[in-house]
Amino acid sequence: MTADDLGAGPLCLVTGATGYIGGRLVPDLLAAGLRVRCLVRSPGRLRDHPWAGRVEVVRGDVTDAESVAAAMRGVDVAYYLVHALGTGEDFEETDRRAARIFAGAAHGAGVRRLVYLGGLTPSGVPEERLSPHLRSRAEVGRILLGSGVPTAVLRAAVVIGSGSASFEMLRYLTERLPVMVTPSWVHTRIQPVAVRDVLRALTGAARMPAEVSRAFDIGGPDVLTYREMMERYAAVAGLPHRLILPVPMLSPGLSSHWVGLVTPVPASIARPLTESLRHEVVCREHDIARYVPDPPGHPIGFDEALRLALRRVREARVTTRWSSASLPGAPSDPLPTDPDWAGGSLYCDHRELGVDAPRASLWRVIEGIGGDNGWYSFPLAWAVRGWLDRLSGGVGLRRGRRDAARLRVGDSLDFWRVEEIEPGRLLRLRAEMRLPGLAWLEMYAETDGSGRTRFRQRALFHPRGLLGHAYWWSVSPFHAVVFGGMARNIARAALADAAARTDERTPAG
């Protein structure tokens, strides 16, 4: 599909469409009558989104000037919703280079507006004292404002919405710890904002007058300390009162590891979030309302934002999560089709067995794997592997699922990511745990020549160097327990699913 096939409205280029904000902004732009082109590194990751057939998708990367320039052709409004957080110690330089490429390409293509979602910076604090995360976000905003293209920089503090990293951090800290030993930043004043208001401001910014080029603070009506946010969450969620004990010696670095152990948010993401809470982040103006007027009931209050987010979580209607975007540094190579790919080995553990249940029942079990449903295998082994991954800075097992029953390409699933899904037949997962190589797990629901349902499972590993080979051979003795048990238990679960559905259809006697 090309831009010409999408209609006659202004054309918006959206970067970060596979991420938390970008994945929610696209349908809002479409609903507002705008055309959308998405610039993504892996176009297949957007395939299963309900709006995928209504947008143009182009392959590229914001650090690649040629692909950015090509994506900018014919664009009216360009959204910059990416950052290099967690890609390494030089992430500020990566952010700087990408922003300059984006700004230059927009100016060269005659784009009429740039829109950027950055971070709210504290008043009166010298930039050198800001966290690297906030300092880089501020610098990117300046680069875009200096592009010669009218730019709207929207600066938000804590974004509250189902699946946001800030909401998940708040939710898990409050729900899991009735007594909390907390860092001193729990006393920092913050102005949180509902994700709905962030999306409303981003969408409205597309139609700002050409003479408007500046930064805007966006926030909700409540200014709270993080402690008050946890207390309000407990009240809204119906939890008993939480006892909160601040400990001043818990630095942002130490507290990020504490957050990483208690919540699904890994330390690599928790650290910039906690570092940003060292200073007060409160809006200094609400000028955005001059150009994107507040409708009745907006901005949404903190308690209502929590209620909306919790309702979506409980109804399993979380459209995007913080983990929607690829974890920085996680492997992204597709499964090799050639066993000698890259001149190396591709180890395989293959399991296959017949299942005395309909293929549809087997597929429901396969698609429902992970998260609260577990992995149908030796639980302790999976738990230990998850903890080892967390301790080494990985994501561990606690990312869970976006939806309890349905998966789509690009979904995170504990320490895996959905690389391919063929409904009713194949689920392929790519590992995002810390490994000396690349790993995949495939599960098939098939029918053999006699019409019997068969389950086929493959665990594949492409080692990196001698350590990778040693890793495979060190864990292979446990495969019979882990992968063999998984195959048998999935078959049993499919049989139980079929029996339960038969009972539902059988009238009571």
Side-chain angles (χ1 to χ4, degrees), residues 12-22 25 37-43 45 57-75 77-121 126-156 165 202 205 213-215 268-269 271-273 275-276 322 324-333 393:
C12 298
L13 175 68
V14 176
T15 61
T18 59
Y20 177 71
I21 292 292
L25 176 63
R37 174 186 294 159
C38 298
L39 174 68
V40 292
R41 287 176 293 181
S42 304
R45 296 260 319 264
V57 180
V58 296
R59 184 187 300 273
D61 189 285
V62 290
T63 59
D64 175 31
E66 185 176 343
S67 65
V68 174
M72 287 285 186
R73 293 186 189 121
V75 166
V77 181
Y79 285 88
Y80 194 78
L81 303 175
V82 295
H83 55 88
L85 175 65
T87 56
E89 293 182 359
D90 61 346
F91 82 91
E92 290 182 83
E93 173 55 33
T94 304
D95 268 341
R96 186 179 302 119
R97 178 162 52 90
R100 287 171 176 165
I101 288 172
F102 198 80
H107 186 267
V111 172
R112 67 172 181 82
R113 174 159 298 281
L114 295 177
V115 183
Y116 169 57
L117 179 62
L120 186 60
T121 53
E127 192 164 293
E128 61 270 16
R129 289 181 53 199
L130 297 178
S131 69
H133 165 59
L134 276 183
R135 187 169 61 235
S136 182
R137 303 298 288 272
E139 182 183 17
V140 168
R142 286 198 306 274
I143 291 170
L144 297 180
L145 284 166
S147 64
V149 178
T151 300
V153 173
L154 308 183
R155 305 188 301 189
L202 285 167
S213 187
R214 52 163 290 189
S268 60
I269 294 176
R271 177 156 191 161
L273 292 177
E275 283 182 335
S276 299
W322 62 269
S324 299
S326 295
L327 188 75
S332 58
D333 304 69

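Both backbone and side-chain heavy atoms feed into the values below; hydrogens, waters and symmetry mates do not.
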How about [X] and [Y]: do any of their side-chain heavy atoms sit closer than 4.5 Å?
| X | Y | value |
| --- | --- | --- |
| Val40 | Arg45 | no |
| Phe102 | Leu13 | yes |
| Leu114 | Tyr80 | no |
| Leu81 | Val14 | yes |
| Thr121 | Arg155 | yes |

For this session: Inspect the surroundings of CZ in Arg73 and state if more than 12 heavy atoms from other residues, nucleotides or ligands are less than 6.0 Å away.
Result: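 No.
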
For this session: Please indicate whether Glu66 has more than 12 foreign heavy atoms, meaning atoms of other residues, nucleotides or ligands, lying under 6.0 Å from its CD.
Result: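 Check fails, neighbour count at 12 or below.
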
[X] side chain to [Y] main-chain N or O, any donor-acceptor pair under 3.5 Å?
| X | Y | value |
| --- | --- | --- |
| Arg137 | Leu117 | yes |
| Thr63 | Ala98 | no |
| Arg41 | Asp61 | no |

Search all heavy atoms of [X] against all heavy atoms of [Y] and return the closest pair with its distance.
| X | Y | value |
| --- | --- | --- |
| Leu39 | Gly60 | CD1-CA, 3.5 Å |
| Ala71 | Val58 | CB-CG2, 4.0 Å |
| Val57 | Pro43 | CG1-CB, 3.7 Å |
| Val77 | Arg112 | CG2-NH2, 3.8 Å |
| Val140 | Ala99 | CG1-CB, 3.9 Å |
| Met72 | Ala105 | CG-CB, 3.9 Å |

Problem set entry | Residues Arg142, Glu139: salt bridge by 4.0 Å N-O rule |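 No, this pair does not count.
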
Exercise. With Tyr79, which residues qualify under ring pair (Phe, Tyr, Trp, His ring centres under 6.0 Å), at least two apart?
Worked result: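 In terms of ring pair (Phe, Tyr, Trp, His ring centres under 6.0 Å), with neighbours along the sequence ignored, Tyr79 is linked to no residue.
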
Quick check for you: to the nearest 0.5 Å, what is the distance between [X] atom [atom1] and [Y] atom [atom2]?
| X | Y | atom1 | atom2 | value |
| --- | --- | --- | --- | --- |
| Cys38 | Arg59 | SG | CZ | 14.0 Å |
| Ser136 | Leu130 | OG | CG | 11.0 Å |
| Arg37 | Thr15 | CZ | OG1 | 13.5 Å |

Exercise. For Arg113, what residues pass the side chain to side chain donor-acceptor pair (under 3.5 Å) criterion, not counting sequence neighbours?
Worked result: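 Not a single residue meets the side chain to side chain donor-acceptor pair (under 3.5 Å) criterion with Arg113.
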
